[in-house]
Structures are given as C-alpha cells and as structure tokens.
2 protein chains.
Amino acid sequence: MSPLPIGRLAKLTDVKVTTIRFYESIGLLPEPLRTHSDRRIYDEGDVRRLGFIKHARQLGFAVEAIRDLLELSDHPERVCDSANAIAQEQLAAVDAKIAQLGALREELVRMTAAGCSGPAASCRVIESLSDHGLCSADHKPLASQVSV
Amino acid sequence: MSPLPIGRLAKLTDVKVTTIRFYESIGLLPEPLRTHSDRRIYDEGDVRRLGFIKHARQLGFAVEAIRDLLELSDHPERVCDSANAIAQEQLAAVDAKIAQLGALREELVRMTAAGCSGPAASCRVIESLSDHGLCSADHKPLASQVSV
DNA sequence: CTTGATCCTCCACCGACTAGAGGATGCAGA
DNA sequence: TCTGCATCCTCTAGTCGGTGGAGGATCAAG
C-alpha cells in the first residue's frame, strides 16, 4: 500500500504525532521502517493497529491491558478468555466510577442548590467543605483505576 | 490545643504523611511550627484545614480550585460568588464525565455480552476494538478535566 | 543502652501523554 | 537554483496529584 509519513498517519487516525512516537517508545507500535533520511514510514497495517489502540484508550483501557489485547489480536489462534476478562474488569471499573461520580454529583448539587450571594462566612459551598458531617459521607473517591 | 506530630495528623485525617508534606510544598497547608529537632507540629486548625482539603479532593476539585476555596474560607467577609462558580463548574464537569462513562459502559456491555470461549479470531472484544464502525461511535473521551 | 517507630530532606517515579529546543530534510513556487 | 515554510528528527522536561525509597536523625519505651 501507499507508504505514509507520520503526519499522514496522525491525520488519518486523529492521533497526535507525538503520541504516535510515544506509543512506539513504549512498544505498543512496532518500530517502523525508515526512509534514507531516517523518517518513519507506515502502512495500512499501522493504521489499523493505531486505530485499535485509539479505540481501546477511548474505552479507558490501560496501556498494559491494551498490550495484552494486541497480543491476542496478533495471535488469533489463541483462546481469548483473557480478552473477555480484561473487558469485564474494565466494565466493572467503569461501573464503580459511575457510581462514585453519582455520589459526588449528589453532594455538589446539594452544595450549590441554595445559590449564594452573601459573604463567604455564610456560603453553603465553603460550609459543606469545612464540615464533612454535613454530607452523606458515602462518597469516598481518591485513587481510582479508570481515568479515561 | 494539643500539639500533633505529622503522624498523628495523618491518622486523624486519614491523609498520608507524604501527602501532607506534599500539600505543604505546594502551599495548600502553611509551613507549621517545628520542634527543636525540626519536626513539624500541628494543631486543631491544621486538622480542620486538611479536612477541608481532603473533602474537596474527594469531590474532584483541582488543587488550584481548592486554593481559591481556601482563600475564601480564610476570608469569610468576602463575597463568595467565586466559590459557587467553582462548584458549579465542578458539577458540570462531573455531569459530563458521567455522560461519557455511560457511553463507554454501553459499548463495554455490548462487547462482553456475548461471552467468549473460542479463539481470539472470533472474539467479540478484539473484533469490536479492531473496527470502530461496529460501535455507536459517539463515545469520544480522551482529555477530560475531572479525574477524581 | 538499645531497639524500633517516627521523623527529616531530597530525589525519582507513576500514567499517559504534551510541549519545546535545536537541527535536518522535503517540497513548492519564483 | 534559490528561498522559505512545513514536516520531520531526537532529546529533555513538564503536566497532575501524589507515592515511594534512600540515608540519616531523633524519640520513647523497656
């Protein structure tokens, strides 16, 4: 197929040039062929592989998970139990995150509901932050896996 | 009140010692008094301030936003318009994130629904990732503000 | 007096990129 | 052919919100 310079690949896949080089550096993309002047050249296969990576990242899969998924994609004869397991885990992580954000949302709504126009001394937002006891207390984020 | 060493403050607030020092280094917590042997000593005021910070972080506020909120909390005579604005923005960001994750969830459910036991060649997960056309195509994360 | 917990500073690392410096090359128009 | 700009190269450092460890000092209890 037609050989693509990195900029063309970037436009075709809507992935930044620097990100493509980054994916190569961490081994998600193989080292491509180079021109006589050391420029990277890609082909249709690279477009597909990068598309796969992009799609997986959009779904929030971590790079290490994507590495495993690509391995399977590269070896279609293997059993795919692990692909399903990875996706299930990701689904669980997304569900957890949604639940967590739902709880956050609730408190933010409560905090902002009253509106506020006076001095900070009587501000519901500041007050809520000062006293955790005022809120439902079951939103406990900090340290989550999904960072989409 | 009783002077607390950093470890006590950490346990009282459930914030790690290293994180407390980090907050000091970025100016969220003031430099505390020190003992003759250079150990930090805190008081009840620090417990409250750190609680405020922790609560705000749990709600997903960025450090810069927390800095502004603490400013207001420190000066209760000022008008608190900005506190409300910050909280409203955070609420909007959380809403956006929830919507986005909802879309991700949909696709993950579709991908994993079939279950999978054969070779990767016929794996729905791998297949879905390879061909973005198979999915609804309106989940477009990458680059979000809320990272709770 | 010794032991183990706690404290100190400084520096490097995490994930997943992003941005910029400083320089080489490619390509199109005059 | 020359000029000039776009694109490419490598390398380094920064982002955010912390986390972890090395190497050493100090504290409190037995």
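Chain letters run A, B, ... following the sequence lines, proteins first, then strands; residues in each count from 1. All values below were derived from every heavy atom in this structure, side-chain atoms included, with hydrogens, water molecules and symmetry-related copies excluded.
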A.B. asks: Looking only at side-chain N and O atoms, does B:T35 come under 4.0 Å of OP1 or OP2 in D:dT26?
C.D. replies: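 B:T35 to D:dT26 OP1/OP2: no side-chain N or O under 4.0 Å.
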A.B. asks: Just wondering, more than 12 heavy atoms not from A:E77 lying within 6.0 Å of its CD?
C.D. replies: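 Enclosed.
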A.B. asks: A:F61 or B:D38: which one's nearest nucleotide on DNA chain C is closer to the 5' end?
C.D. replies: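 Whichever sits nearer the 5' end wins; that is B:D38.
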A.B. asks: B:I41 CD1 to D:dT26 P: how many Å, rounded?
C.D. replies: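 Roughly 16 Å, once rounded to whole Å.
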A.B. asks: Between D:dC8, C:dT6, D:dT19, which nucleotide has the shortest distance from any of its atoms to the side chain of A:V17?
C.D. replies: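 Closest nucleotide to the A:V17 side chain: D:dC8.
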A.B. asks: Does A:A56 have any side chain to side chain contact (heavy atoms under 4.5 Å, CB included) partners at least two apart in sequence or in another chain, and if so, which?
C.D. replies: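 Applying side chain to side chain contact (heavy atoms under 4.5 Å, CB included) to A:A56 gives A:F61, A:I66, B:L129.
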A.B. asks: Which of these nucleotides, C:dC17, C:dA24, C:dT9, is closest to any side-chain atom of A:R39?
C.D. replies: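 The answer is C:dA24.
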A.B. asks: Separation of B:R40 atom CZ from D:dA25 atom C1', in whole Å?
C.D. replies: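 Taking CZ of B:R40 and C1' of D:dA25, I get 14 Å after rounding.
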A.B. asks: Send over the distance from B:E24 CD to D:dT19 P, rounded to a whole Å.
C.D. replies: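 Value for this atom pair: 16 Å.
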A.B. asks: Nearest-Å distance, CZ (A:F22) to C1' (D:dG14)?
C.D. replies: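 Going from A:F22 (CZ) to D:dG14 (C1'), I get 14 Å.
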A.B. asks: Take the protein atom OH of B:Y23 and the nucleotide atom C1' of D:dC16, then report the distance between them rounded to whole Å.
C.D. replies: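 So the two atoms are 11 Å apart, to the nearest Å.
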A.B. asks: Tell me whether the OP1 or OP2 atom of D:dG18 has a side-chain N or O from B:R57 closer than 4.0 Å.
C.D. replies: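 Indeed, a polar side-chain atom of B:R57 lies that close.
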A.B. asks: How close or far is atom P of C:dA16 from atom CD of A:Q58, stated in whole angstroms?
C.D. replies: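 One finds 15 Å between P of C:dA16 and CD of A:Q58, rounded.
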A.B. asks: Rounded to whole Å, how long is the line connecting atom CD1 of B:I66 with atom P of D:dC16?
C.D. replies: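 The answer, rounded to whole Å, is 13 Å.
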A.B. asks: When the nearest nucleotide of DNA chain D is assigned to B:K16 and to A:I6 on a heavy-atom basis, which residue is associated with the more 5' position?
C.D. replies: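 Residue closer to the 5' terminus by nearest nucleotide: A:I6.
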A.B. asks: Indicate, yes or no, whether a donor-acceptor pair under 3.5 Å links the base of C:dT9 to the side chain of B:R21.
C.D. replies: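 A donor-acceptor contact between them is absent.
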A.B. asks: Taking only residues two or more places apart in sequence or in another chain, which ones pass side chain to side chain contact (heavy atoms under 4.5 Å, CB included) with A:F22?
C.D. replies: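 A:S25, A:I26.
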A.B. asks: Distance check: side-chain N/O of B:R34 vs OP1/OP2 of C:dT9, anything under 4.0 Å?
C.D. replies: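 For C:dT9, OP1/OP2 do have a side-chain N/O of B:R34 under 4.0 Å.
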A.B. asks: Does B:H36 place a side-chain N or O at less than 4.0 Å from the phosphate oxygens OP1/OP2 of D:dC27?
C.D. replies: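 Looking at the OP1 and OP2 atoms of D:dC27, one of them is under 4.0 Å from a side-chain N or O of B:H36.
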A.B. asks: Is any side-chain N or O of B:T19 closer than 4.0 Å to OP1 or OP2 of D:dT19?
C.D. replies: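 B:T19 to D:dT19 OP1/OP2: side-chain N or O found under 4.0 Å.
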A.B. asks: Between B:E24 and B:R21, does any NZ, NE, NH1 or NH2 come within less than 4.0 Å of an OD or OE carboxylate oxygen?
C.D. replies: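 Salt bridge between B:R21 and B:E24, a charged N being under 4.0 Å from a carboxylate O: no.
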A.B. asks: For the pair made of CG in B:L9 and P in C:dC7, what is the distance, rounded to whole Å?
C.D. replies: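 So the CG-P distance, B:L9 to C:dC7, works out to 10 Å.
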A.B. asks: For A:R48, I'd like to know if atom CZ has over 12 heavy atoms of other residues, nucleotides or ligands within 6.0 Å.
C.D. replies: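 No.
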A.B. asks: Should B:S37 be listed as having a side-chain N or O under 4.0 Å from OP1 or OP2 of C:dC7?
C.D. replies: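 For B:S37, the contact criterion (side-chain N or O under 4.0 Å from OP1 or OP2 of C:dC7) is not met.
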